[in-house]
Protein chains: 2
Amino acid sequence: MPSSRFENLDPAKRQRVFDAAVAEFAQHPFENSSITRIVRRLGIAKGSMYQYFENKRALYRYVVTEVYEKKRSYLQPVLDQDMDFFTRLKRYYQQSYVFAQDNPLYHQVTVHFWETKDESLRRFIDETKQIRALDFTTMFHQAVQEGDVKDNIDERIAFFVYHSVGKELIEGFLNLPPRRTEDHLRFIESVLTVLEQGLSTGNK
Amino acid sequence: MPSSRFENLDPAKRQRVFDAAVAEFAQHPFENSSITRIVRRLGIAKGSMYQYFENKRALYRYVVTEVYEKKRSYLQPVLDQDMDFFTRLKRYYQQSYVFAQDNPLYHQVTVHFWETKDESLRRFIDETKQIRALDFTTMFHQAVQEGDVKDNIDERIAFFVYHSVGKELIEGFLNLPPRRTEDHLRFIESVLTVLEQGLSTGNK
DNA sequence: ACGCGAGGTGACTGGGCGGTCACGTGTTGG
DNA sequence: CCAACACGTGACCGCCCAGTCACCTCGCGT
């Protein structure tokens, strides 16, 4: 998506441009983001930016793609290693947390991304969602077969529940109450334990 | 928040103005909404609008308040009637669904409301969240005392889980897959059953 | 020494916005 | 009949934006 002109840039400058874009999209959702602000921050001409990327959308898609590639590098190991369903989910979300800790700006970009309303990006967003759904469905089927998960639960329901809680966990990483990382990871674990065990005592 | 001039308006016109504002805030989150578009839709002068409301924020706060009052009228009965914790929660979210069905535009206003980033509305949003949290905490304590809910579960964790799933359920009402209302209500019920019973078989 | 092409530039266009205010209009009461 | 008032109006200000393009600079091969 970026032009050859961008690819050929001095790597240091290319990084500077990329970082500035990340900073912008971390602070503002796509609709309210501004190329003007980005180039002002960078101290380069607006025209240059338009030599690198066709338009604002192209820049955005590029940034989001790169950011998700980075995030993948945190999550993929969890999917590859062998462990039971519930442990894997805990690790999955805990890794999301670590990603957010390590790359707070990247993390904010992903959060804004979900809220994007822009029609021209609709397809792109849906594709990204699809990937997440697939991660889950694969895990889930395996868990049902291995007897870890009740077999009378509709897969779509299960996905919905995890997706909701996961999304909120991830967004919540932004307004962390002032505790320590250890506590945050424990919080994530507790939340997932509730999903595993339920709230009910079974009395009634 | 609206001026006396707005209150004194011919009720039909007042309604028309209100509806137009709802339509705008249903379509666009606050940051991207436009008074200009609203008055264009209404065929009145921009100046008139500014006689009714001090500025865009005041109009928005007014609309959101009214919308939530309407929503309250759907939810309050569920809180007042006597029933056990899990049933109440199911009713609560099912009523949210009915509200969304009956007032799709109002519903969209509430969805956008949560995503608002505007600093000057931060306090307002937090207050509204607080109300929702209180609803839940009250129910939850009662349920623990009555032995319906495990007593080793941190209230904040439980709230977090329900809040996440509830939020996503509510947003999801927008992109309903083309099924019938009955199915939707069943979907909500299933989701809440998962939270009640958990996913795990208990084997391990 | 020079022409050429690659890369960088920023003034400019056309558009949208929130908010203002000097002015028109129609009603009402003295 | 006129003054006071309430109400409606839309041109206008200042600001910000995406995107364009004629122009400039500079290094390199000839």
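None of these values were measured; they are calculated from a predicted model. So you know, we letter chains A, B, ... as the sequences are listed, proteins then strands, and number each from 1.
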Inset, instruction - May I ask you to say what Lys46(A) touches in the nucleic acid, namely base, sugar-phosphate or nothing, with a heavy-atom cut-off under 4.0 Å? - result: base
Inset, instruction - For the residue pair Phe53(B) and Tyr62(B), categorise the inter-ring angle as parallel (less than 30°), tilted (30 to 60°) or perpendicular (more than 60°). - result: tilted
Inset, instruction - Round to a whole Å and report the spacing from CG of Leu42(B) to P of dG8(D). - result: 12 Å
Inset, instruction - Grab the CD-P distance between Glu31(B) and dC16(D) for me, whole Å please. - result: 18 Å
Inset, instruction - Look at all strands and tell whether Ser4(A) reaches a base, only sugar-phosphate, or nothing, counting heavy atoms closer than 4.0 Å. - result: nothing
Inset, instruction - Report which part of the nucleic acid Ser33(A) touches: base, sugar-phosphate, or nothing (heavy-atom distance under 4.0 Å, all strands). - result: sugar-phosphate
Legend entry - Asp80(B)-Gln76(B) side chain donor-acceptor pair, cut-off 3.5 Å: yes
Inset, instruction - Look at all strands and tell whether Arg37(B) reaches a base, only sugar-phosphate, or nothing, counting heavy atoms closer than 4.0 Å. - result: sugar-phosphate
Legend entry - CD (Glu7(A)) with more than 12 external heavy atoms under 6.0 Å: yes
Legend entry - Atom-pair distance (CZ on Phe6(B); C1' on dC7(D)), nearest Å: 15 Å
Legend entry - Residues Asp19(B), Arg16(B): salt bridge by 4.0 Å N-O rule: no
Inset, instruction - Would you kindly give the CG-to-P distance between Asp118(A) and dA18(D), to the nearest whole Å? - result: 13 Å
Legend entry - Rounded distance (Å) that lies between atom P of dA6(D) and atom CG of Asp10(B): 19 Å
Inset, instruction - Specify the separation, in whole Å, of atom CD of Glu54(A) and atom P of dA18(D). - result: 15 Å
Legend entry - Interatomic distance, Tyr50(B) OH vs dC13(D) C1' [rounded to whole Å]: 13 Å
Inset, instruction - Decide if the gap between the ring center of Tyr162(B) and the ring center of Phe140(B) is smaller than 6.0 angstrom. - result: no
Inset, instruction - Examine Phe25(A) together with His112(A) and report whether their ring centres are nearer than 6.0 Å. - result: no
Legend entry - Comparing Ile35(A) and Ala45(B) on DNA chain D - which has the more 5′ nearest nucleotide: Ala45(B)
Legend entry - Side chains of Ser120(B) and Asp118(B), donor plus acceptor under 3.5 Å: yes
Legend entry - Modelled atom types, side-chain donor and acceptor of Lys71(B) and Thr110(B), under 3.5 Å: no
Inset, instruction - Ignoring backbone atoms, establish whether Tyr52(B) has a side-chain N or O less than 4.0 Å from OP1 or OP2 of dG8(D). - result: yes
Inset, instruction - Shoot me the first and last contacting nucleotide of DNA chain C against chain A, ordered 5' to 3', at under 4.0 angstrom to non-hydrogen atoms. - result: dG7(C) to dG10(C)
Inset, instruction - Decide whether Lys46(A) and Thr36(A) meet the rule of one side-chain donor and one side-chain acceptor closer than 3.5 Å. - result: yes
Inset, instruction - Using a cut-off of strictly less than 4.0 Å, decide whether Ser34(A) has a side-chain nitrogen or oxygen near OP1 or OP2 of dC16(D). - result: no
Inset, instruction - Establish, yes or no, whether a centroid distance under 6.0 Å links the rings of Phe30(B) and Phe113(B). - result: no
Inset, instruction - Work out how much the helix from dA1(C)-dT30(D) to dG30(C)-dC1(D) bends between its end axes, five pairs an end, to the nearest 10 degrees. - result: 30°
Legend entry - Spacing between Asn8(B) atom CG and dA6(D) atom C1', to the nearest angstrom: 10 Å
